[in-house]
Amino acid sequence: MNLIKEMLVFIALLWVGTILNTYIPLPIPATIYGMVMLFVLLLTKTIKVEQIKTTTNGLLNILAFLFVPSGVSLIEHYHLIQGNVLAILTSLILSLFLTVFVTGHVVQYINQKGQQANDK
């Protein structure tokens, strides 16, 4: 698939995600709807990884650059963040530990299941 067709896949998924975001009254961004649809399409092999590989590799190469708007927004809204630093840091630290805990348990579970399958 050439680059234009690959980009059109992503644009179409974002467009459908925007439509879903408009009509489904949930606080979920349109990009999340698009990513979920892409995941389902990849999972069902409706879209194969090879069909979007060039675009995804290109996006991964500029991934750090895509965080610039978020950083600028943080600086722009510093006055809002300043009063809530303790709450923000607390939630960040708790979510970090929760993520590490859950990830560790999931990896241990998968490893145990893999060892049991190898033992049989």
Side-chain angles (χ1 to χ4, degrees):
M1 212 180 242
N2 66 30
L3 188 60
I4 293 173
K5 287 181 183 176
E6 290 181 25
M7 287 300 293
L8 285 174
V9 169
F10 285 98
I11 291 169
L13 289 172
L14 179 60
W15 181 69
V16 173
T18 303
I19 291 171
L20 289 174
N21 188 25
T22 303
Y23 292 107
I24 298 175
L26 294 173
I28 299 173
T31 52
I32 301 299
Y33 284 118
M35 283 193 299
V36 168
M37 287 185 294
L38 178 62
F39 176 72
V40 169
L41 291 171
L42 287 168
L43 199 61
T44 59
K45 298 195 189 314
T46 305
I47 294 177
K48 294 177 179 52
V49 174
E50 295 79 27
Q51 294 175 313
I52 56 172
K53 193 169 191 163
T54 305
T55 300
T56 53
N57 285 339
L59 290 171
L60 285 173
N61 288 336
I62 63 164
L63 186 61
F65 179 71
L66 298 175
F67 283 98
V68 170
S70 299
V72 170
S73 181
L74 284 172
I75 293 168
E76 190 175 284
H77 294 94
Y78 179 73
H79 63 281
L80 297 173
I81 296 168
Q82 189 176 11
N84 299 312
V85 171
L86 185 61
I88 293 170
L89 286 176
T90 302
S91 65
L92 283 171
I93 291 169
L94 288 175
S95 65
L96 170 71
F97 284 117
L98 181 64
T99 301
V100 169
F101 178 78
V102 170
T103 303
H105 278 32
V106 168
V107 168
Q108 285 180 344
Y109 177 77
I110 291 171
N111 284 339
Q112 288 173 354
K113 288 294 181 184
Q115 286 175 354
Q116 289 174 357
N118 287 338
D119 292 342
K120 289 182 180 182

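Starting from 1, each residue takes its place in the sequence as its number. Keep in mind that what you see is a predicted model, and the values were worked out from it rather than measured.
In terms of hydrophobic clustering, with Ile, Leu, Val, Met, Phe, Trp and Tyr side chains grouped at heavy-atom distances under 4.5 Å, V16 and I11 are assigned to different clusters. L13 and I19 fall within the same hydrophobic cluster, defined by Ile, Leu, Val, Met, Phe, Trp and Tyr side-chain heavy atoms under 4.5 Å apart, directly or through other members. Both I47 and F10 are part of a single hydrophobic cluster, where members link through side-chain heavy atoms under 4.5 Å apart. There is no path of hydrophobic side-chain contacts, each under 4.5 Å, that joins V72 to I81. Note: the hydrophobic cluster containing L41 also contains V9 (ILVMFWY, side chain heavy atoms under 4.5 Å, direct or indirect links).
Every residue two or more places apart in sequence or in another chain was checked for a side-chain contact (heavy atoms from CB on, under 4.5 Å) with K45, and none qualifies. For the ring-ring contact (aromatic ring centres under 6.0 Å, His included) test, residues two or more places apart in sequence or in another chain that qualify with F101 are H105.
Counting all heavy atoms, side chain and backbone alike, E6 lies closest to Q51 at CG-O, 2.9 Å. Nearest approach of S95 to T99, heavy atoms of both residues: O-OG1, 2.7 Å. Listed here is the closest heavy atom pair of M37 and L20: SD-CD1, 4.0 Å. Nearest approach of L66 to P69, heavy atoms of both residues: O-CD, 3.4 Å.
Annotation: side chain of I52 is in contact with side chain of L42 (closest heavy-atom distance under 4.5 Å). F39 has its side chain within reach of L43: a pair of non-hydrogen atoms, C-beta onward, lies under 4.5 Å apart.
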Would you be so kind as to tabulate the donor-acceptor pairs closer than 3.5 Å made by side chains of residues 23-34, with sequence neighbours excluded?
none

Stepwise, does the side-chain contact (heavy atoms from CB on, under 4.5 Å) test hold for Y78 with L74? CA-CA 6 Å; Y78 179 73; L74 284 172; over 6 Å; no
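Taken to the nearest 0.5 Å, the OG1 atom of T54 stands 11.5 Å off from the CE atom of M7. Of the inter-residue distances, the one linking I62 atom CD1 with N57 atom CG reads 12.0 Å to the nearest 0.5 angstrom. Of the inter-residue distances, the one linking Q82 atom CD with H79 atom NE2 reads 10.0 Å to the nearest 0.5 angstrom.
Between the side chain of N84 and the main chain of A87, no donor-acceptor pair closer than 3.5 Å is present. Checked by atom type and distance alone, the side chain of N21 never pairs as donor or acceptor with a backbone atom of G17 at under 3.5 Å.
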